[in-house]
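By convention in this document, chain letters (A, B, ...) are assigned in the order of the sequence lines, proteins followed by strands, and residues within each chain are numbered from 1. What you are looking at is a predicted structure, and each value in this text was computed from that prediction instead of being measured.
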2 protein chains.
Amino acid sequence: MSKHTGTPQDAPRTAKRQRLPAGERRQKIIDGAVAFFAKVGLEGKTRDLAKDLGITQSLLFKYFESKDALIEAVYAQVYLERLSPDWPVRLADRSVPLRGRLLAFYSDYSKLIFEHEWMRIFMFSGLAGAELNRRYLEHMHRMILHPLLEEVRASSSQAITPDMEDLWNLHGGIVYIGIRQHIYRMPCPENPGPAIERTVDRFLQAFSVPTS
Amino acid sequence: MSKHTGTPQDAPRTAKRQRLPAGERRQKIIDGAVAFFAKVGLEGKTRDLAKDLGITQSLLFKYFESKDALIEAVYAQVYLERLSPDWPVRLADRSVPLRGRLLAFYSDYSKLIFEHEWMRIFMFSGLAGAELNRRYLEHMHRMILHPLLEEVRASSSQAITPDMEDLWNLHGGIVYIGIRQHIYRMPCPENPGPAIERTVDRFLQAFSVPTS
DNA sequence: CGCTTTGTTGATCATATGATCAACAGTTGG
DNA sequence: CCAACTGTTGATCATATGATCAACAAAGCG
């Protein structure tokens with residue numbers, strides 16, 4: 001008798017209501033909030049989020065002091081797992097050809113960021129001027145692109161060397177695939193790998209770094 | 001006695017209030033709305049906009065039926081003046097070297113789009129899924145990048161030819177300069193010209209198009 | 001000057017929204 | 001089975017927000 005077969009109507013509602021341990025519920029709320037705010041933006045209404053989650057709006061405020069606190073939790077969830085500390089190391093590992101390092105990095109990185117929720121929340125928070133956003137880009141500049149600049153210069157066999165703007169161009173051209181796909185919702189290749197590879201090769205070729 | 005010297009306090013308010021012909025006021029509202037929504041996003045409150053404009057909130061609704069109608073006017077103002085119909089023609093003019101055509105286009109185009117209000121409103125409306133946004137990108141694809149693809153292929157002297165993804169990469173890498181500057185508010189070169197030129201040259205070099 | 005026209009305001013309405021709280025109900029431990 | 005604990009709800013509050021409207025006032029016109 002403890003288990004009803006859901007509401008007798010045809011509504012696809014799972015059960016009447018769920019009672020969960022605090023930690024679990026909190027995580028469910030965060031996950032739902034990530035999807036919700038990615039969909040409608042950070043100005044999305046708490047009542048709509050609650051409806052998506054199948055809970056009451058007031059319950060949100062048992063787990064988060066305010067809507068801002070909830071958004072901070074969303075930021076933390078989305079940003080934190082996207083900064084792998086070993087990339088700076090691997091990118092500087094000169095026992096591997098530079099092309100291989102670049103392709104490995106952008107293969108991993110594109111898998112991480114070409115994701116609907118990340119792309120959109122990153123853009124929403126960027127437009128809102130969120131601090132985390134600035135820190136993330138600062139990190140990208142200092143820990144990824146700057147070392148990469150040194151690597152390209154070291155591997156380049158010509159007088160012409162890249163500057164930081166060239167690195168940002170490489171990076172931006174790749175990131176733009178995700179922007180087209182998730183921000184502008186344009187049709188994009190299901191696998192960005194080949195396009196990335198060609199982009200990296202064009203870049204390296206321009207600085208006379210061997211590409212094969 | 002018709003002209004007070006403004007409020008006697010130290011407030012920098014221009015005059016007590018202005019009475020303008022309808023067309024003029026309407027344009028002032030649109031201009032102010034463009035700046036306002038670019039600053040705070042399309043969810044900006046009409047009362048705040050009115051305060052920026054130095055008018056009453058209710059006056060907005062004398063000129064626009066609803067907030068949505070005002071936003072449509074903002075879109076029209078911002079989008080319409082950015083689609084020059086002669087670019088497709090100039091990009092296909094083979095009496096000029098391809099490099100010159102590309103540099104001329106991106107020189108003009110970057111001047112148009114690397115502008116705070118355009119960049120931000122384009123991104124806000126893109127995230128909101130605005131119809132105009134999709135049409136704009138469709139236009140960019142069909143009228144600019146597709147012809148450009150044919151031009152690069154025609155000028156290329158090698159077996160390797162670009163595909164549409166390569167063109168989007170060229171385009172995205174350049175546009176990303178504006179995104180860094182106006183969306184992420186990162187420090188950027190005051191003149192993007194050299195970076196654009198190097199980007200174009202790397203692209204052409206990859207397809208063996210003469211760059212000098 | 002008086003009359004009409006029209007740009008502008010201040011008060012107000014209906015609803016939406018973030019946040020709060022007492023009461024309810026499932027769970028655990030004795 | 002009772003009691004304490006805690007996850008959850010429904011009602012409610014205070015304020016914000018898009019939108020409306022009667023009244024005011026500056027300009028045009030006879």
Side-chain donor or acceptor of [X] under 3.5 Å from a matching atom on the base of [N]?
X       : N      : value
B/Ser66 : D/dG18 : no
A/Arg19 : D/dT6  : yes
B/Glu65 : D/dA19 : no

B/Phe124 ring center within less than 6.0 Å of A/Phe124 ring center: no

A/Tyr109 ring center near A/His171 ring center (under 6.0 Å): yes

Distance check needed: [N] [atom2] versus [X] [atom1], whole Å only.
X       : N      : atom1 : atom2 : result
B/Gln18 : C/dT9  : CD    : P     : 10 Å
A/Glu24 : D/dG7  : CD    : P     : 12 Å
B/Leu59 : D/dA22 : CG    : P     : 17 Å
B/Lys62 : D/dT20 : NZ    : P     : 9 Å
B/Leu70 : D/dA19 : CG    : C1'   : 13 Å
A/Leu42 : C/dG18 : CG    : P     : 12 Å

Sidechain-backbone polar pair: A/Arg99 side chain, A/Leu204 backbone, donor-acceptor under 3.5 Å: no

Sugar-phosphate only, base, or nothing, as touched by A/Leu60 at under 4.0 Å among non-hydrogen atoms: nothing

Below 4.0 Å: OP1/OP2 of C/dT8 and any side-chain N or O of B/Tyr63: yes

Short side-chain N/O contact from A/Thr46 to OP1 or OP2 of C/dG18, under 4.0 Å: yes

Terminal axes of the helix from C/dC1-D/dG30 to C/dG30-D/dC1 (five pairs each): angle between them, nearest 10 degrees: 0°

Aromatic ring pairing A/Tyr136/A/Tyr79, orientation class (parallel under 30°, perpendicular over 60°, tilted between): perpendicular

Non-neighbouring partners of A/Asp86 that pass side-chain hydrogen bond (donor to acceptor under 3.5 Å, both in side chains), sequence neighbours left out: A/Ser84

